[in-house]
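All chains are named by letter (A, B, ...) in the order of the sequence lines, taking the proteins before the strands, and each is independently numbered beginning at 1.
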Protein chains: 2
Amino acid sequence: MSDDVEKPRIRMRDVARRAGVSAITVSRVLSAPDKVAPETRAAVWSAVEALGYVPNLAAGTLKSQRSRIVAAIVPTLRNAIFAETVEGMADALRAEGYQLLLAASGYDPAIEEASVMAFLGRQPDGLILTGIEHSDAVRARLAAARLPVVETWDLGASPIDMLVGFSNYDAGAAITRDLARSGYRRIAFAGTEREARAVQRRAGYRDAVRALGMPATEVAVAAAGLSIADGADVIARLLAEGGGADAVFFANDYLAFGALVECQRRGVPVPGQLAIAGFGDFEIARESLPGLTTVRIPGYAIGREAAGLVMRRLAGAAVDRRIVDLGFEIVRRASA
Amino acid sequence: MSDDVEKPRIRMRDVARRAGVSAITVSRVLSAPDKVAPETRAAVWSAVEALGYVPNLAAGTLKSQRSRIVAAIVPTLRNAIFAETVEGMADALRAEGYQLLLAASGYDPAIEEASVMAFLGRQPDGLILTGIEHSDAVRARLAAARLPVVETWDLGASPIDMLVGFSNYDAGAAITRDLARSGYRRIAFAGTEREARAVQRRAGYRDAVRALGMPATEVAVAAAGLSIADGADVIARLLAEGGGADAVFFANDYLAFGALVECQRRGVPVPGQLAIAGFGDFEIARESLPGLTTVRIPGYAIGREAAGLVMRRLAGAAVDRRIVDLGFEIVRRASA
DNA sequence: ATGAAAGCGCTAACAT
DNA sequence: ATGTTAGCGCTTTCAT
């Protein structure tokens, strides 16, 4: 802990002196090398290497008003759902020299708001949010901040700025109709009420069963409702209630997998006595036995596209499609 | 795209003028409110609110040489393994007003190196890396940068700076001995050679079976070897080879789960004909049928502790334990 | 308890 | 193709 001799940080002018040029030339070599003569460029490069120069981006950001940072807020990283989207963003951003500033909100609007406030001070060039429900304070700040904003994972008529997602309502309705087409007549839904997108899926389910003249049975799941154990719990409650459902549509594949395992534990044949459908098409849906019928969502693509929209807007492109619907796909497997 | 009237950004001096004080007083209210008289503080606060002032942290970082950013690089977010560690970091950092700058390396040392270089320019106050294997260039830069560095998820005698993890070697040896204690006599190992920590687990396995006078059987898994499908593949190859293993220790729970499902598909009784053990104690290990015997790892705690070490060092505390061993725990379930 | 002056390290704007 | 000047918006230092 006794670091006495604090070597002074290497600055751009040190590189410039060594290369026999001025600081601005070093700046150009680093950010617009085409504007510098090849020999000069080489001299600067070798000075940079020799000194181990690392540009201070805080200074650059202050002067240029561009940070090359894009900030993103997702509900959680603790499951595959948003992790893929984050990797999609990170990959796209890295390819263009942008960096990702990340926060997880834990599905808590207050934390989302606090994160937005904290992020804005970093002068991000763009911001990516999950979902279309945000506090008024967030909307007001983002309007004032005049930076590209992309909302994700949902669809809606009036985004803050841009929007990349799919219709959770349509997806919920589509899988419900698909189950009906397969012959199921008493289709239940299970999912959390705490997450806006799961609620949309439920609304799609509800309207679909009504349109089909079938009864609606809904089982609320605790809290975030993302754990496998929550799905097992649903089965216990469904069987105890004796509602006689012949199929259950779960708001995500973890719940559905938990339900599947619980059925196996109890000797309930799937899909013989009870059919099970999930949502997300996570790897577990592909690899479980039987495989899970589910809805495939373009999680990684949502991340890439959201980052792409931000960067295109920053590059000055007039982004024509402010709302991008990446769709979904029903995947039929043996569980339903 | 025709945003003509660019409202000028609100600066600290605008807030100061409205509150009838100088800029430095505003600065103090925001970062050290105790040094300002209560009435002044209130006046500044209401000016901040009224104007919607957001401090420019790039300017603050430039002057103060502190960014309140901690950067972290993990191999991937695409599975529970590191996502928990990242959430542990993010939670701990947010609690202290730090922000997380994140990159995923995809297990590629070149990307890790590029990310370190890119991050350093942001003047992070600390850096958290995964593992203890890093390029010479990375080590050299970090030594020169003089910032707190924490390596994670492993143990070793000579960390760059600080280290939080557990012994993958010991964990591999421990579960192997545990399998032997349960009566298995031909224990195989399956895992990727591409990941340093999996290789350590294998080394522990190898030395343990040797010490027990048992044969070693190793099955290499493709690439990152993190998918459930890779585990199914291992079973196919093991059975084809006919080596007569009675137990398999997999380098992670996804592989083990894939193997379990493949056994069920083929009618191979688990653990009757083949016992299966995993690594990580992910939720899938708890919820599969049968449950997976595995090694529990403190992923979230590693993240919290790593962030905590960085922040304690920044707070000026003489960090005594530069190496923190968070240990592991054998979890016996029905699969072995 | 509050303020004035200075400058962090870079890049935009304007020369040459 | 390269250089000069100025200043981005804060916070440190030193005063009062």
Side-chain angles (χ1 to χ4, degrees), chain A residues 6-45 47-48 51-69 97 118 120-125 145, chain B residues 6-45 47-48 51-69 97 118 120-125 145:
Chain A
E6 277 287 340
K7 277 174 223 150
R9 264 187 65 85
I10 312 279
R11 287 146 308 169
M12 197 174 260
R13 73 168 65 113
D14 302 318
V15 177
R17 191 176 305 125
R18 184 176 178 114
V21 299
S22 70
I24 187 66
T25 299
V26 175
S27 176
R28 289 198 183 103
V29 168
L30 296 176
S31 57
D34 296 351
K35 296 183 176 173
V36 177
E39 312 98 67
T40 315
R41 204 187 302 156
V44 169
W45 257 112
V48 166
L51 296 173
Y53 172 63
V54 179
N56 183 331
L57 299 179
T61 296
L62 179 58
K63 179 65 192 180
S64 68
Q65 308 285 24
R66 294 181 310 105
S67 61
R68 295 195 83 81
I69 281 181
L120 287 180
R122 299 281 171 199
Q123 320 295 108
D125 290 341
Chain B
E6 276 288 340
K7 277 175 222 149
R9 266 186 64 85
I10 312 277
R11 287 146 307 170
M12 197 173 259
R13 73 168 66 112
D14 303 319
V15 177
R17 191 176 306 125
R18 184 177 178 114
V21 298
S22 70
I24 184 61
T25 299
V26 176
S27 176
R28 289 198 184 103
V29 168
L30 297 177
S31 56
D34 297 349
K35 296 184 175 172
V36 177
E39 312 96 66
T40 317
R41 204 188 302 155
V44 168
W45 257 111
V48 165
L51 296 173
Y53 172 63
V54 179
N56 183 332
L57 268 19
T61 295
L62 178 58
K63 180 65 193 179
S64 68
Q65 308 285 23
R66 294 179 311 107
S67 60
R68 295 195 82 80
I69 282 181
L120 286 180
R122 299 282 171 200
Q123 320 294 108
D125 290 341

For DNA chain C, determine which residues of residues 53-69 of chain B have any heavy atom closer than 4.0 angstrom to one of its atoms, and list them numerically.
-> B:Leu62, B:Lys63, B:Gln65

Sidechain-backbone polar pair: A:Arg41 side chain, A:Val36 backbone, donor-acceptor under 3.5 Å = yes

Test side-chain contact (heavy atoms from CB on, under 4.5 Å) on A:Asp14 and A:Tyr53 and set out the steps.
-> CA-CA 9 Å; A:Asp14 302 318; A:Tyr53 172 63; over 6 Å; no

Taking the side chain as every heavy atom from C-beta outward, state whether A:Arg11 and A:Val26 have any atom pair closer than 4.5 Å.
-> no

Over all atoms of both residues, closest heavy-atom pair of B:Pro124 and B:Ser67 = CA-OG, 3.5 Å

For the pair made of CD1 in B:Ile24 and C1' in C:dG3, what is the distance, rounded to whole Å?
-> 8 Å

Atom pair distance, as rounded to whole Å: CZ in A:Arg13 and P in D:dG3 = 15 Å

According to a strict under-4.0 Å criterion, is A:Ser27 in side-chain N/O contact with OP1 or OP2 of C:dC10?
-> no

Quick one, which residues of residues 32-44 of chain A touch DNA chain C with a heavy atom under 4.0 Å?
-> none

Taking the side chain as every heavy atom from C-beta outward, state whether A:Asp125 and A:Arg68 have any atom pair closer than 4.5 Å.
-> yes

How close or far is atom P of D:dT12 from atom CE of B:Met12, stated in whole angstroms?
-> 11 Å

D:dC10, C:dG3, D:dT2: which one has an atom nearest the side-chain heavy atoms of B:Arg28?
-> C:dG3

Hey, does B:Thr61 have a side-chain heavy atom less than 4.5 Å from the side chain of A:Arg122?
-> yes

Heavy atoms, side chains only, cut-off 4.5 Å: are A:Leu62 and B:Asn56 in contact?
-> yes

Rounding to a whole Å, what distance do you find between B:Leu30:CG and D:dG9:P?
-> 16 Å

B:Met12 side chain near B:Ser27 side chain, heavy-atom distance below 4.5 Å | yes

